Amino acid sequence: MEWHQELRERMSGVLLLDRMNDIRELDPLHAFALDDWLCRRTGQGGPAICHIWRHPAAFILGMRDSRLPQADVARRWLEAAGWRTAVRHSGGAAVPLDPGVVNVSLIMPKPSVSHMRYHDDFELMYRFVQEALRMTGRQVDRGEIQGAYCPGDYDLSIGGLKFCGIAQRRQTHAFIVQAFVVAEGSGAERAKLVRSFYERAAGVADASEYPLVEPGSTASLEELAGLGPQAGQAFAQELRRIVNEGQTEAGLAYAAERLAMPTAEELVRAVAALRARYASSSSS
């Protein structure tokens, strides 16, 4: 079976939660907490979900970043510049989020509690992003890009420049694969920001303890894929198309019946729980 047909079948029971144009929420942990809450429900029999979202201005640290000797100093510098900061519970290192970055979360049930095929889950997101960019004619490669921020084996790149990183969060019965996609604006400017964070946060830490970021390693889809200044909207539209093409009327109705969204109070508690568990210091 060709991979695009397999992708379509994997999307057959997925509901679309499209928050692409809702960037009013300022708390950087809001979307992560929502993903976490929905993942628990998916593991309890709820539907698989594709969550598309953006944030107005947030700088998300990985756990390792938050433990750097001068991390708090660097966070205060970012916050003085208008960036809200938080520590994420999925894998990966520091990532800046803004309206030019499209975030995609695939929330899926695990086939079994013992399911450990992490590679397959990362591959699913890679194929999803690759299919969404097929109309550009650009080749999307995977593999770590030296000098990129939030480096990993599933860096996605075009022409040797990273535009997307992928992280994963696993629960007992379900998992979340999250991708940040640098869609609009300058990839190099975002990389410069991350580099400046590490220069302030590193202190006496050995260089092996944090990514050595080079601005020339990263670019946006606007710069790489010929999608123009509305690259984020064009990319999100292709994501919607893929999900919608995989849906059937019966499958959509069945999934909708099982969908439960958190109340405002439940989400506030979920955000507070994430902050208490993962943040090294309060930053909201």
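Just so you know, these numbers come straight off a predicted model, no measurement behind them. The figures here come from the full heavy-atom set of this structure, side chains too, leaving out hydrogens, waters and symmetry mates. We count residues from 1, following the sequence as given.
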Output yes when [X] and [Y] qualify as a salt bridge under the 4.0 Å nitrogen-oxygen rule, no when they do not.
{"X": "Glu123", "Y": "Arg142", "value": "yes"}
{"X": "Arg275", "Y": "Asp27", "value": "yes"}
{"X": "Arg269", "Y": "Glu265", "value": "no"}
{"X": "Arg170", "Y": "Asp121", "value": "yes"}
{"X": "Asp36", "Y": "Arg169", "value": "yes"}
{"X": "Glu25", "Y": "Arg54", "value": "no"}

Are [X] and [Y] packed together at the side-chain level, in the sense that at least one heavy-atom pair is separated by less than 4.5 angstrom?
{"X": "Val101", "Y": "Glu184", "result": "no"}
{"X": "Thr218", "Y": "Tyr149", "result": "yes"}
{"X": "Gln168", "Y": "Ile176", "result": "no"}

Rounded to the nearest 0.5 Å, what's the gap from [atom1] on [X] to [atom2] on [Y]? Could you check?
{"X": "Leu252", "Y": "Leu16", "atom1": "CG", "atom2": "CG", "result": "10.0 Å"}
{"X": "His55", "Y": "Asp22", "atom1": "NE2", "atom2": "CG", "result": "11.0 Å"}
{"X": "Asp18", "Y": "Arg240", "atom1": "CG", "atom2": "CZ", "result": "4.0 Å"}

Ignoring hydrogens and geometry beyond distance, is a side-chain donor-acceptor pair present between [X] and [Y] at under 3.5 Å?
{"X": "Glu79", "Y": "Thr85", "answer": "yes"}
{"X": "Asp35", "Y": "His51", "answer": "yes"}
{"X": "Ser208", "Y": "Asp206", "answer": "yes"}
{"X": "Asp72", "Y": "Gln70", "answer": "no"}

Cation-pi geometry met for Arg41 and Trp37 (6.0 Å, 45°):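 Satisfied, under 6.0 Å and within 45°.
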Could you check whether any side-chain N or O of [X] sits under 3.5 Å from a backbone N or O of [Y], counting only pairs where one atom can act as donor and the other as acceptor?
{"X": "Arg138", "Y": "Leu224", "result": "yes"}
{"X": "Asp155", "Y": "Ile145", "result": "yes"}
{"X": "Glu266", "Y": "Thr263", "result": "yes"}
{"X": "Lys162", "Y": "Cys150", "result": "yes"}

Aromatic plane relationship, Trp53 with Phe32 - under 30° parallel, 30 to 60° tilted, over 60° perpendicular: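 Phe32 and Trp53: perpendicular rings.
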Identify every side-chain donor-acceptor pair in residues 192-199 under 3.5 Å, counting partners at least two apart or on other chains, and give the distances.
{"unit_1": "Lys192", "atom_1": "NZ", "unit_2": "Glu189", "atom_2": "OE2", "d": "3.2"}
{"unit_1": "Arg195", "atom_1": "NE", "unit_2": "Glu199", "atom_2": "OE2", "d": "3.4"}
{"unit_1": "Arg195", "atom_1": "NH1", "unit_2": "Val213", "atom_2": "O", "d": "3.2"}
{"unit_1": "Arg195", "atom_1": "NH1", "unit_2": "Glu214", "atom_2": "OE1", "d": "3.2"}
{"unit_1": "Ser196", "atom_1": "OG", "unit_2": "Lys192", "atom_2": "O", "d": "3.0"}
{"unit_1": "Tyr198", "atom_1": "OH", "unit_2": "Asp65", "atom_2": "OD1", "d": "2.7"}
{"unit_1": "Tyr198", "atom_1": "OH", "unit_2": "Asp65", "atom_2": "OD2", "d": "3.3"}
{"unit_1": "Tyr198", "atom_1": "OH", "unit_2": "Ala94", "atom_2": "N", "d": "3.4"}

Looking at Gly147 and Ser217, what are the two nearest heavy atoms and their distance?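 Looking at all heavy atoms of both residues, the closest pair is O-OG, 2.9 Å.
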